[in-house]
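Below: the structure, in structure tokens.
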Amino acid sequence: MATIELHDVRHAFGGNPVLRGVSIEWDAGEVLALMGANGAGKSTLIKVLAGVHPLQHGRISVDGASPDPADGPQAARRLGIETVHQRIDEGVVPGLSVAENLLFERIAQGDLPAVGSLRRLLPAAREVAAGLGLDWSDAVLRGDVHELGIADQQLVLLARALSRRPKLLVLDEPTSALSGAETERLFGVIDDMRRGGVAVLYVSHRIGEIERLADRIAVLRDGSIRSEQTRPYDWQAAVRDMLGERGARELAEVHDRRGDEVALELRGVRLFAGAAPFDLELRRGEVTGVVGLLGAGKSELAMGVFGAEPFAAGTMRLGDEPYAPTSPAAAVAREVYLVPEDRAAQAMLPGWSIARTASLPFLRALSPRGVLRRGEERADGRDVIDRFDVVASSEDQGVDALSGGNQQKVVVGRWLRGQPRVMLLDEPFRGIDIGARHDLSRRVRELAAGGSAVVVLAADVDEVLEVADRVVVLAEGVPRLDARTAGVSRDLIVARMAALDGEDVA
Amino acid sequence: MALPEVDGSGAKQTAPGPDKQAVAVARPSTGAGVREFAVRYGFIAITVGLFVFFAVSEESFRQPSTLFSMLKFASVVAVVGLGVTLTMVVGGLDLSVGSVAGMSVTISAMAMVFYAQVGGVAIAVVLLAGALVGALNALLIVVLRIPDLLATLASMFVIMGLKLVPVDGQSVSSGMVLRDGSVAPGRFTPDFLAIDRAFLGPVPLPVVIVGLLAVGTWFFLNRTRWGRLMYAVGANPEAARLAGVRVGRYRALAYVLSGVFAAIGGLILSSRIGQGDISAGNSLLLDAVAVALVGTSVLGLGRPNAWGTILGAVLIGILITGLTITGFPYYGQDIVKGIVLLLALLFSFTLSRRRSRYAPAAVI
Amino acid sequence: MALPEVDGSGAKQTAPGPDKQAVAVARPSTGAGVREFAVRYGFIAITVGLFVFFAVSEESFRQPSTLFSMLKFASVVAVVGLGVTLTMVVGGLDLSVGSVAGMSVTISAMAMVFYAQVGGVAIAVVLLAGALVGALNALLIVVLRIPDLLATLASMFVIMGLKLVPVDGQSVSSGMVLRDGSVAPGRFTPDFLAIDRAFLGPVPLPVVIVGLLAVGTWFFLNRTRWGRLMYAVGANPEAARLAGVRVGRYRALAYVLSGVFAAIGGLILSSRIGQGDISAGNSLLLDAVAVALVGTSVLGLGRPNAWGTILGAVLIGILITGLTITGFPYYGQDIVKGIVLLLALLFSFTLSRRRSRYAPAAVI
Amino acid sequence: SQDLGPSGSAAPPPETAAVGEATGQKPAPFDGAEPVKIAIVQNSGAGDYFQQWTNGARQQAQALGMEIQVYDAQADNARQATDMQTAIGSGVDAIIVDHGQSDTMCPLINDGLTAGLPVVIYDVEISACAPEAVETAQDDANLASLILDKMSEDIGPNQPVGYVNVLGIAPLDRRNAVWEQVRAQNAWDQKFFVGEFTNSVATDNAQLVDAALKANPGVAGIFAPYDELTKGTVSAVQQNNLQSQIKVYGVDISTADIEVMTAEGSPWVATATTDPNAIGAAVVRVTALELAEQLDSREVVFPGTLVTQDLLKQNGIQNLDQLRAKLPELNMTGVATADWIPVVSF
Ligand SMILES: Nc1ncnc2c1ncn2[C@@H]1O[C@H](COP(=O)(O)OP(=O)(O)OP(=O)(O)O)[C@@H](O)[C@H]1O
Ligand SMILES: Nc1ncnc2c1ncn2[C@@H]1O[C@H](COP(=O)(O)OP(=O)(O)OP(=O)(O)O)[C@@H](O)[C@H]1O
Ligand SMILES: [Mg+2]
Ligand SMILES: [Mg+2]
């Protein structure tokens, strides 16, 4: 007996069909993983399911009941559909406390007493947090949710959805901001829910996670379900179905290109006020992967080198000269580039077209005397679209209307031009599909081959291993391991990330 | 700590870190206590300091009657500012408050003077009219999707003009000659005049009214579900919508309340002036917006809130009364007002390390 | 396309769809062409319509001199509004413009009357002072991190007071007695008075000035790197900073330019009034902000822009001149002004399906 | 300029007054060691008229050895009400109320009187509701008659004329009454009646009059009984290049007005006025007399003076000082005085 049933669901944005008839069913207690390339329509499907986009065509039912399309998200929620959307900033409410955010839906529904101080909300909030194994103190619960990092915000949203005891739990790339430990904890909770008879729809680009979780996979392509599989999965086939022609260009080989010349030298750097100082050298011609758990200091490292947020202490040298950038502009002038981790907050400009977004860092080259050469600008925009297979109508399309992965391609792709001295990429693979990930890896390796010092910072070990010649493990603001990719075991890296003694593992 | 590079397969160990889960948790900020104190209480300190300064240097400032007339002076700006605060909470800004207060003065005068109604009727009509304007603003903003600033700017112009039509652009005062040549039959009734002139014990009634409204607004915003949801609507309307909040209703509510508060301010003004002064309320808009803006920052909260607004109004009341008694020329008062405002802002923003995270959806 | 249920373990393929890249193309929206037209040109249509209406119904409105005196009338609001537009582009809003224009009137009068300087010197001093106030605002906002609205509100108060100090709160006019008992030596020079009174062919000089400034602003904002970067700063300052934009400099530039534009507006006013009227500029703020806000919407662009602002100013000019000639009482003019504003807003927002993307960083 | 809020004209406040001789013995309460304290509760616009008025009052108070406290509500009636309360509570010996709305101020003036304070008012109509207060006023009917007589003399009867005024403001209403009368007598054809009271009266009214002139060609004279209105009118006439055809008549004068009147081809041919400095001083003298219980009337009015463009031009008068020198009657040194009062003149 199918609990969740989608029948011929279609959706179009202003005459542009995105979902062309999606039909699928799955049962209570079943985890269905939805796969698809960037822009395939996964998030759109989820938003239709959650009632965010009104149902234009087709039927949705949960236990035989269909939501009232006029009633938006409320109707879906009444049917027991809980959703964690891809964009975190669409979920958290800054200005309210962590506790109020954890209880936000219940406050909105009027499930809690209408009158009461924050203190009276704390026990309920603590309970919600505990549902995801979060042991947050009252001080944290009372703080403004915006003071949390992006990962903790994601955890807030997850805990909130889980606490509602849904019939169908929909998770749109919930782990893209999480690290190993949190991910594991989330998976534990999902396992519990599955056992408790909850149906789960899970969207991710990480095959490892899907392998671990899914009872069934469905591949969405071109707005409809292309194929479904049950265990054991044929990943080759799944990826082929996802990407079609583009196929999965395999690149499983381990890289080991060694750079000789030091491009950037860090001396006595402290990432946080309390952390120990360390030295680090980045070399031309190699890709350095920096891994670490959430809060390990990866972004601090990147932002410090980029001059965006000064280190707590320490000095740098770029080539032979001292290097002390006071702003990103100064860093860019010295050919040190950074792709920041949070595209929505740190890279995207609402209402801007792809071409304008892409040209922003290098406008000077497009306007030798200050006057913009708009033809060249658009040509450059087209170039980014072509090189990274961005799914877009034209370079004039607004970035807001792109899918998450395609937005990521634009904001990463725009920096990958020329041959900078140092190229830092913070979580560059966030939200992009396998095909694009391989393209991006290749491009990153080309940069290194051309003589740049490239640094890829990510929480996902596999992402780093795929692209890096050298791995640096950060834990609590300090490098705990610095090794050649070719000569280090994955287990050791994972152990060091958790700041465990490596030999215990080995 | 320079890390020796680990080459090849040899896994060389670094000193083991503490054996705990590295969960990133927002730590409460330690240190810099003085600065934190300045950020949170600097504005209050300025207010108290000014008060003490005036009390010491000017004998007449020490009289209790001066204290109360100062609070009375602040009461109109305070109550109108509270309404503005509510609209700022939902991420908007009501620019029509000054004109609504002015309209209330004219309407109350018309009710009593032209139509010889009692004070109660005048009050009811004015509150109704305020709510109506609020509802109109809500219609423009919520239903017709016109950005707050623009919608309330337009209604400001319309109201400013509209209120003058029934009175032919003239102030309404008792005994005036009407269009048909007869003499206006009514006058401001004593019960209506009492709004501004009565006392509750030693405390003037307007001060009591503002106090009650402030407590009410604070309680509503900080202790009730509806207040929380109003903050949510301002901070992230999309998230609120997804959580099932009827965003439009809360925004509408804020504008209606703002209209009513402005009308209450107008009633106090009307009772104080004792006639339908057509120029009343002209200067209210900037002052009310100023105190509401100051209010968002003064307590270090970084979001619009009731006490901050009241505090802002009281500070301006102290300043103006104090400077007047000290014999400052009026233009000197403007300068000092601006400078004190700046000082307060320095405490709240320049010294505060964290930038305010509260970002109302959009002005437009 | 209904999908046959897939059961069991087999990875069953569905019928292969068209074997092309899944390119979701956002086609330029078809249909609703009328609505699109209304959104984009509705405001222009209203402006032209009003113009034609007045021209047909009022003989005197048809005179070319009326047309130009209308544009002349609009010129001050237009140029000040352009400055406000620039600050809106970087996500802020300059509330001090009215007071800067007023200050410019006083300063230019002082230069010529008190110090017997020629017009050129007066102009230079005024522009410098405007830039200085802009730089001061920039200091408060960029360096001291005080939110735009609050900082410019405070400096508005300070300037309003400060400009009155050297003149003891009085208007400056030739022949007045100075503090030391002597008679002011200078007077408004003819070259200075020519700013408002001279013509270039049939076109009054202020109209020419505004035209040049508008073209310059448009070119700067839409065709140069700096303009583009200013828009970037307004759209997402953090993203701009991380793209290597020196955000602070561009915000500072916007405020300095805004100060200079307000000063130019003040020069035109001063030359029009022909004396250092201390009340000049008082009503400018709301009007300038109104035209700049209207400007963000009128062309359907959804962002502050030079032509929109100019168009807004011209519309208000036509309205006021037309209504005055038609003999509307002044309060009726406010109503009509508000209603036309609303109408324009309905075109831009209610009819337009997409919401405006322009969102100044934050009020707070 | 006159009573009406913001005004632009000039003459600096630290205007040094000539202090006349006092011969008589100072009566109580001026004979004590403690200085007599008075408060002025003013409702001004940001303008020179009030600056000068206050200056005159200060000079006279100083000459009398009084301490003076000035509350200025800046055209905000509600604030004036609060100011009045503060003043009553602040321990002064007398209060002068300068301008304001009668409905607003009447109850408060009675409060002051009840508290035992003499209250002298200038240009607020309160005789009906506060008969105990001393009422002083500029003689608006006199001013209007002075200037309108000149106007009828100049342009003659049966002419098309324009009128720029704002009703609802007491002194302007009083001048309006005289206008209606004189207009009827002369059978003038009133082609337009415009005027608005805004933050910048001159500039905004120039716009109105400009439009009115365009719509109504051929008027011979315009009456604008308040100098800000007059200035706006003058500038509109000049904009339309009609200065040779239209004569403009105003009320009030200031240094700035003198400049406008004497400018080449100015249509502003005459004005009727009082000197605000002198009025401020006279009001303080009235207060002093009241405190000394020597005032025998509850009402004092200050007469006006006619100033013509010809007089200004012929005597090369550029500012108020020179005008006062030419027309010493502006100083009103004979109004409200006694032998123990050192009368100031400007
Ligand atoms: N030891 C520490 N002392 C002070 N602050 C810390 C410490 N560890 C982490 N933090 C804080 O935790 C937050 C997360 O840090 P950061 O963004 O650098 O992590 P990251 O390794 O880049 O993780 P991710 O990018 O996956 O979120 C930061 O705000 C940082 O200031
Ligand atoms: N609000 C919108 N308006 C117009 N087009 C949209 C909108 N939202 C999404 N689209 C378009 O719909 C298509 C599918 O987007 P969707 O976000 O569903 O992709 P996705 O499968 O979730 O991709 P990703 O893996 O990158 O998150 C994209 O081409 C996108 O441009
Ligand atoms: Mg997606
Ligand atoms: Mg990070």
Side-chain angles (χ1 to χ4, degrees), chain A residues 50 52 72-74 77 85 89-96 100 104-105 107-110 112 114-117 136 139-140 143-144 146-149 151-152 181-182 276-280 293-296 475-476 478-484 487-489 492 496 498-503 506, chain B residues 1-31 89 91 219-220 222-229 231-246 301-304 354 356-360 362:
Chain A
V52 175
Q74 270 324 90
R77 188 165 295 114
H85 293 281
D89 57 357
E90 279 177 7
V92 298
V93 182
L96 292 190
E100 285 161 321
F104 187 60
E105 263 138 17
I107 294 174
Q109 314 292 294
L112 292 164
V115 172
S117 65
W136 283 346
V140 174
D144 188 328
H146 226 117
E147 316 226 301
L148 296 180
D152 287 324
E182 281 84 15
F278 64 90
D279 299 345
L280 189 67
L293 293 178
L294 207 76
E476 301 184 325
V478 176
R480 301 282 179 182
L481 178 73
D482 186 347
R484 306 304 305 174
V488 69
S489 74
L492 178 67
R496 288 295 166 81
L500 290 176
D501 195 318
E503 260 146 11
Chain B
M1 180 184 82
L3 194 79
E5 195 181 326
V6 183
D7 216 337
S9 63
K12 218 177 185 178
Q13 260 182 239
T14 60
D19 198 346
K20 55 152 181 136
Q21 280 284 33
V23 178
V25 167
R27 296 167 197 74
S29 87
T30 62
V89 165
F219 188 83
F220 175 75
N222 295 60
R223 288 286 182 272
T224 72
R225 170 174 165 238
W226 306 288
R228 293 201 168 101
L229 294 179
Y231 274 116
V233 166
N236 193 341
E238 183 61 13
R241 192 176 75 90
L242 291 182
V245 180
R246 300 202 180 267
L301 294 181
R303 61 179 194 188
R354 70 165 175 131
S356 168
R357 303 283 190 158
Y358 175 76

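Quick note on labels: first sequence line is chain A, next is B, and so on, each numbered from 1. Since this is a predicted model, take the numbers as computed values, not measurements. Values reported hereafter were calculated over all heavy atoms of this structure, with side chains retained and with hydrogens, waters and symmetry mates removed.
Taking each heavy atom of B:Ala235 and A:Pro94 in turn, the nearest pair found is CB-O, 2.8 Å. The two residues A:Val93 and B:Ala232 come nearest to each other via the heavy atoms CG1-CA, 3.5 Å.
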Run the side-chain contact (heavy atoms from CB on, under 4.5 Å) check on B:Glu238 and A:Val52 step by step: do they pass?
CA-CA 10 Å; B:Glu238 183 61 13; A:Val52 175; 4.3 Å; yes
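The contact between B:Arg241 and chain A is made by backbone and side chain atoms together, counting heavy-atom distances below 4.5 Å. Heavy atoms closer than 4.5 Å to chain A are found in the side chain of B:Leu229, but not in its backbone. Looking at A:Gln74, the atoms closer than 4.5 Å to chain B (heavy atoms on both sides) all sit in the side chain, from C-beta outward. For chain A, the nearby part of B:Phe219 is the side chain; its heavy atoms alone come within less than 4.5 Å.
One finds the CG atom of A:Leu112 at 9.0 Å from the CZ atom of B:Arg228 (value rounded to the nearest 0.5 Å). For the atom pair CG of B:Asn236 and CZ of A:Phe104, the computed distance is 8.0 Å after rounding to the nearest 0.5 Å.
Counting heavy-atom pairs closer than 4.5 Å to chain B, the top residue among A:Gly116, A:Pro73, A:Gly91, A:Gly110 is A:Gly116.
Atom CZ of B:Arg223 is surrounded by more than 12 heavy atoms from other residues, nucleotides or ligands within 6.0 Å.
The main-chain N or O of B:Leu242 is found under 3.5 Å from a side-chain atom of A:Arg77 such that the two form a donor-acceptor pair.
Two residues are said to be in side-chain contact when any heavy atoms from C-beta on lie closer than 4.5 Å; A:Val115 and B:Arg225 fail this criterion.
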